[in-house]
Amino acid sequence: MNVYMDRHLGTEALTQGMEISLTESMMENLQCVMRLPVFSNSKTSDWVTEGMYSFCYRVMFEAGYLTCFGRDLTSQDTQRAHILNHLDNFKQFHKVFPALVAGLPIHEFRSAHNAQEKLAESLRHKNLKKRGNVSKLDNPRMFLNDTLSNFNDLEKAKTHLMILWALQANIIPVTLWSLFQMIRNPEAMKAATEEMKTTLENAGQKVSLEGNPICLSQTQVNDLPVPDSIIKESLRLFSASLNIRTAKADFTLHLEDSSYNI
């Protein structure tokens with residue numbers, strides 16, 4: 001078991017050599033998610049209005065889910081509906097995560113517990129094996145779970161759920177605040193746009209809603225200092241650690257215009 005945990009938690013060992021394929025897969029999935037669906041009975045495509053937080057949450061969750069766990073080969077027509085259902089369950093689970101970190105059992109939160117079980121059910125190995133393009137980060141974990149662990153099928157699925165949470169809990173807020181900062185700062189938006197246009201021109205590619213998705217190498221992505229700076233500055237301004245404080249005795253918290261009994 002110790003050998004299994006060492007290998008399972010050795011993220012660096014598992015991700016060596018996978019960065020490029022994960023980057024390219026995420027780039028492709030992002031474009032597929034954001035492209036407007038084509039309706040055969042509609043000649044025009046109307047703009048859809050959506051809140052920024054909802055947009056970032058939906059797009060990054062769907063693209064991240066497809067990047068990690070691939071595409072369902074048995075029901076591709078209903079795949080988006082299934083992922084959006086997973087998104088609703090993820091929100092229920094994510095909402096109580098601070099309480100779980102504080103040590104409260106998830107069974108105390110009925111909706112979140114049901115959501116966790118539904119998410120884990122979809123990530124059972126028998127279901128993942130029906131999907132195509134499962135990431136190289138998850139295939140080794142499936143192998144280690146099957147060969148070196150004593151986990152049952154549901155416990156194995158929950159290890160994938162933790163990876164999904166770790167991915168989304170970081171990437172969604174980073175995307176939201178980076179986009180928020182660029183919209184508030186036209187100069188930053190202009191600089192990032194011009195740098196991206198130059199990179200695409202040098203790569204002989206262009207953005208198109210109907211053509212092939214753009215595909216940049218890891219080297220080209222790394223050579224984008226403006227977006228990189230925007231992301232890092234957003235992290236500096238808005239990232240917050242999860243600090244849990246527990247009251248050991250009853251007391252009254254006095255504020256400027258009110259007080260609370262804790």
Side-chain angles (χ1 to χ4, degrees), residues 1-11 14-15 18 22 25-26 29 33 54 56-173 242 244:
M1 186 63 181
N2 288 336
V3 173
Y4 165 75
M5 291 304 295
D6 288 343
R7 295 183 183 180
H8 177 68
L9 296 176
T11 306
L14 285 177
T15 55
M18 301 176 190
L22 286 173
S25 178
M26 184 67 175
N29 287 323
V33 170
S54 174
C56 292
Y57 213 127
R58 176 182 58 81
V59 168
M60 299 311 294
F61 182 88
E62 186 173 354
Y65 192 97
L66 292 172
T67 300
C68 274
F69 306 118
R71 298 178 178 275
D72 191 340
L73 301 179
T74 62
S75 58
Q76 295 190 57
D77 294 339
T78 58
Q79 178 168 245
R80 172 161 288 184
H82 288 160
I83 292 180
L84 294 180
N85 184 53
H86 296 330
L87 171 58
D88 291 336
N89 289 323
F90 181 82
K91 288 179 178 179
Q92 289 291 329
F93 174 67
H94 179 58
K95 186 165 56 177
V96 304
F97 206 83
L100 303 182
V101 173
L104 296 177
I106 193 170
H107 299 86
E108 297 291 331
F109 308 93
R110 182 176 299 178
S111 296
H113 181 245
N114 290 338
Q116 180 198 41
E117 296 300 303
K118 291 176 182 177
L119 283 169
E121 181 65 30
S122 69
L123 297 176
R124 285 180 182 266
H125 285 195
K126 66 178 182 180
N127 293 324
L128 291 180
K129 289 176 181 177
K130 297 177 183 178
R131 305 182 69 87
N133 298 324
V134 175
S135 77
K136 294 180 181 179
L137 180 62
D138 286 282
N139 277 321
R141 190 183 312 106
M142 292 173 63
F143 174 77
L144 293 174
N145 273 330
D146 288 337
T147 58
L148 296 177
S149 80
N150 295 320
F151 295 161
N152 60 37
D153 287 345
L154 188 59
E155 290 170 335
K156 293 175 184 178
K158 288 180 179 178
T159 66
H160 300 300
L161 176 55
M162 288 299 98
I163 293 297
L164 176 65
W165 178 86
L167 169 69
Q168 302 295 351
N170 286 283
I171 199 171
I172 291 171
L242 187 62
I244 305 297

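In what follows, residues are counted from 1 in the order of the sequence shown. Side-chain atoms are counted along with the backbone in the values below, which use heavy atoms only and exclude waters and symmetry mates.
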Show which side-chain atoms of residues 160-170 pair as donor or acceptor with protein atoms under 3.5 Å away, not counting sequence neighbours.
from   : atom 1 : to     : atom 2 : distance (Å)
His160 : ND1    : Arg141 : NH1    : 3.2
His160 : NE2    : His125 : NE2    : 3.1
Trp165 : NE1    : His94  : ND1    : 3.0
Gln168 : NE2    : Phe61  : O      : 3.3
Asn170 : ND2    : Ala166 : O      : 2.7

Distance-only donor-acceptor hits, side chain of residues 97-122, under 3.5 Å, sequence neighbours excluded:
from   : atom 1 : to     : atom 2 : distance (Å)
Asn114 : ND2    : Arg110 : O      : 3.4
Glu117 : OE2    : Lys158 : NZ     : 3.1
Glu121 : OE1    : Arg124 : NE     : 2.7
Glu121 : OE1    : Arg124 : NH2    : 3.4
Glu121 : OE2    : Arg124 : NE     : 3.2
Ser122 : OG     : Leu119 : O      : 2.6

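When every heavy atom of Thr159 is checked against every heavy atom of Lys156, the shortest pair comes out as OG1-O, 2.6 Å. Between Leu128 and Leu123, the shortest heavy-atom contact is CD1-O, 3.6 Å. The shortest heavy-atom contact between Asn29 and Thr67 is ND2-OG1, 3.0 Å.
When side chains are defined from C-beta on, Arg80 counts as touching Val33, because their heavy atoms get closer than 4.5 Å. A 4.5 Å side-chain heavy-atom check between Leu66 and Gln79 finds at least one atom pair inside the cut-off.
A donor atom on one side chain and an acceptor atom on the other are not found under 3.5 Å apart for Asn133 and Ser25.
Side chain of Glu155 to backbone of Asn152: a donor-acceptor contact under 3.5 angstrom is found.
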(request) For side chain to side chain contact (heavy atoms under 4.5 Å, CB included), just list the numbers for Arg58 and Leu87, CA-CA rounded to whole Å, side-chain angles, deciding distance to a tenth of an Å, and then say yes or no. (result) CA-CA 7 Å; Arg58 176 182 58 81; Leu87 171 58; 4.2 Å; yes
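From Asn150, atom CG reaches atom CG of Asn145 across 11.0 Å, with rounding to the nearest 0.5 Å. Considering CG of Leu144 and CE of Met142, their distance stands at 11.5 Å, rounded to 0.5 Å. Here the CD1 atom belonging to Ile83 is positioned 5.0 Å from the CD atom belonging to Glu62, to the nearest 0.5 angstrom.
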